[in-house]
Amino acid sequence: MLGLPSDRPLLRIARAVPIEAPGAMLPAPSTRRLADVHVGIAPSRVKGGTQHLVQGSYLYYHYMQDRFNDSGWGCAYRSLQTLWSWFLEAGYTSTPPPDHAAIQTMLVMLGDKEPSFRGSKQWIGAVELGFVLDEGLGVQCKVLPLASGADLPDKAAELAHHFDMQGTPVMVGGGVLAYTLLGVDWNESTGEVAFLILDPHYTGGEDLKKVHAGQWVAWKQYGDKAAAGGKLLHADAFYNILCPQRPLGV
């Protein structure tokens, strides 16, 4: 239509430019959360690699925001909120990311969880995130399964293609941990690859210097430690990689 790309939200209501009436005051944009926190971090250790990165803006959701204590169980919820924020910032929706209660309610209504799931501290994974994105935004997702965390480097080509073609942030979930993936730095000739990890386990305030200093967003390779300590990925754990697809239609 009109020669416009079919996967960019150019004519959606969320992209409308508000017209200020005389004497009216428009609401100020939210500054409560950090955006695009990967900008300015140290480079990866991959020699001769090509970076394939998230396209557009996102907000950094992590533990303990909004005075809500989800430390120890809410990492996938926070990754979901970050993924949702990308679609909000890109203009695909005007609906802000749902909170934990809304996510749980949606999964119960979809029949994925029992009513007792509401108000619980139960973990969710990539499959549940896909249900919520589909129901809430009409966003379809591809899932890349991994039999072991050690297999993540084998998905470098598929992830590079995802970031080049779709440009959406990705969720990696397995064992008892979830992360948001913002890109890959991949040397196709040598196979060496690093992953741009946005870690939702951060519990501090909205301080970009602390986020960078603690490597809560950083280039990581298999075998590296997570920002909170311990292994980033476990060889004896199963993982799913959730890759949201841009909706079609302008």
Side-chain angles (χ1 to χ4, degrees), residues 5-10 12-15 33 35-36 53-63 65-66 68 70 73-113 117-118 120 122-146 155 158-159 161-174 177-183 195-200 238-250:
S6 62
D7 62 348
R8 299 297 188 273
L10 302 177
R12 299 195 181 206
I13 293 175
R15 298 286 289 180
R33 292 180 178 84
D36 306 330
L53 301 174
V54 63
Q55 301 172 25
S57 291
Y58 61 89
L59 302 179
Y60 180 26
Y61 283 80
H62 56 79
Y63 278 169
Q65 283 177 326
D66 304 313
F68 183 74
D70 58 344
W73 62 275
C75 52
Y77 294 80
R78 297 301 188 176
S79 182
L80 170 58
Q81 291 172 331
T82 294
L83 267 56
W84 187 298
S85 77
W86 185 92
F87 290 95
L88 175 66
E89 296 296 309
Y92 286 98
T93 182
S94 57
T95 303
D99 60 17
H100 297 57
I103 293 168
Q104 292 181 343
T105 296
M106 192 179 300
L107 290 171
V108 171
M109 291 178 62
L110 290 171
D112 180 67
K113 302 294 183 185
F117 179 65
R118 286 195 185 99
S120 73
Q122 293 183 32
W123 299 327
I124 59 174
V127 172
E128 288 91 343
L129 265 65
F131 290 156
V132 173
L133 290 172
D134 186 13
E135 178 68 15
L137 297 177
V139 168
Q140 301 293 309
C141 297
K142 290 184 178 179
V143 177
L144 307 177
L146 299 176
K155 299 297 183 181
E158 291 174 85
L159 289 169
H161 183 264
H162 169 83
F163 286 112
D164 289 347
M165 302 305 297
Q166 299 296 327
T168 65
V170 166
M171 180 267 199
V172 180
L177 298 174
Y179 302 104
T180 305
L181 181 62
L182 301 175
F195 303 94
L196 183 50
I197 299 292
L198 180 66
D199 196 328
F238 179 88
Y239 291 82
N240 278 321
I241 304 172
L242 187 79
C243 302
Q245 309 295 293
R246 289 179 184 261
L248 295 177
V250 297

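Just so you know, residue 1 is the first one in the sequence shown, and it goes up from there. Quick note: numbers below take in every heavy atom, side chains included, and nothing from hydrogens, waters or symmetry partners.
Under the rule for a ring pair (Phe, Tyr, Trp, His ring centres under 6.0 Å), the partners of Y58 that lie at least two apart in sequence or sit in another chain are H38. Scanning for side-chain hydrogen bond (donor to acceptor under 3.5 Å, both in side chains) contacts around S57 gives D36, with sequence neighbours left out. Contacts of P200 classified as side chain to side chain contact (heavy atoms under 4.5 Å, CB included), with partners at least two apart in sequence or in another chain: C75, R78, Y179. For W73, the side chain to side chain contact (heavy atoms under 4.5 Å, CB included) partners are F68, D70, Y77, H100, Q104, K121, W123, not counting sequence neighbours. Partners of E158 by salt bridge (Lys or Arg N to Asp or Glu O under 4.0 Å), not counting sequence neighbours, listed by chain and number: K155. The side-chain hydrogen bond (donor to acceptor under 3.5 Å, both in side chains) check on Q122 picks up nothing, with sequence neighbours excluded. Shown here are the side chain to side chain contact (heavy atoms under 4.5 Å, CB included) partners of A76, two or more places apart in sequence or in another chain: I124, L129, M171, A178. With sequence neighbours left out, the side-chain hydrogen bond (donor to acceptor under 3.5 Å, both in side chains) criterion links H62 to Q65, E206. With sequence neighbours left out, F195 forms a ring pair (Phe, Tyr, Trp, His ring centres under 6.0 Å) with no residue at all. Under the side chain to side chain contact (heavy atoms under 4.5 Å, CB included) criterion, A102 pairs with P98, D99, not counting sequence neighbours. Taking F131 as the reference, nothing meets the ring pair (Phe, Tyr, Trp, His ring centres under 6.0 Å) condition, with sequence neighbours excluded. In this view, E135 satisfies the side-chain hydrogen bond (donor to acceptor under 3.5 Å, both in side chains) rule with no residue, not counting sequence neighbours.
Formation of a donor-acceptor pair under 3.5 Å by the W84 side chain with backbone atoms of T95 is found in this model. Proximity of a side-chain donor or acceptor of Q55 to a complementary backbone N or O of Q166 within less than 3.5 Å is not detected.
Contact record, G167 with V54: O-CG2, 3.2 Å, taken as the closest heavy-atom pair. Closest non-hydrogen pair, P97 versus Y61, comes out as CG-OH, 3.4 Å. Between G130 and C141, the shortest heavy-atom contact is CA-SG, 4.3 Å. Shown here for N240 and P145, the closest heavy-atom pair between the two residues is OD1-CA, 3.6 Å.
F87 places a side-chain heavy atom less than 4.5 Å from the side chain of T168. Side-chain contact between V170 and F163 is present, with heavy atoms from C-beta onward closer than 4.5 Å. Q81 is not listed as a side-chain neighbour of R33, based on a closest heavy-atom distance of 4.5 Å or more. You'll find the side chain of L146 reaches within 4.5 Å of the side chain of I241, heavy atoms only. In this structure, H162 and Q245 have side chains that are in contact, with non-hydrogen atoms separated by less than 4.5 Å. The shortest distance between side-chain heavy atoms of L137 and Y92 does not fall below 4.5 Å. Here the side chains of K113 and E128 are in contact, with some heavy-atom distance below 4.5 Å.
One distance of note links CG of L196 with CG of L181; it measures 7.0 Å at 0.5 Å rounding. The distance from atom CZ of F117 to atom OG1 of T105, rounded to the nearest 0.5 Å, is 9.5 Å. One finds the CG atom of L83 at 12.0 Å from the CG atom of L59 (value rounded to the nearest 0.5 Å).
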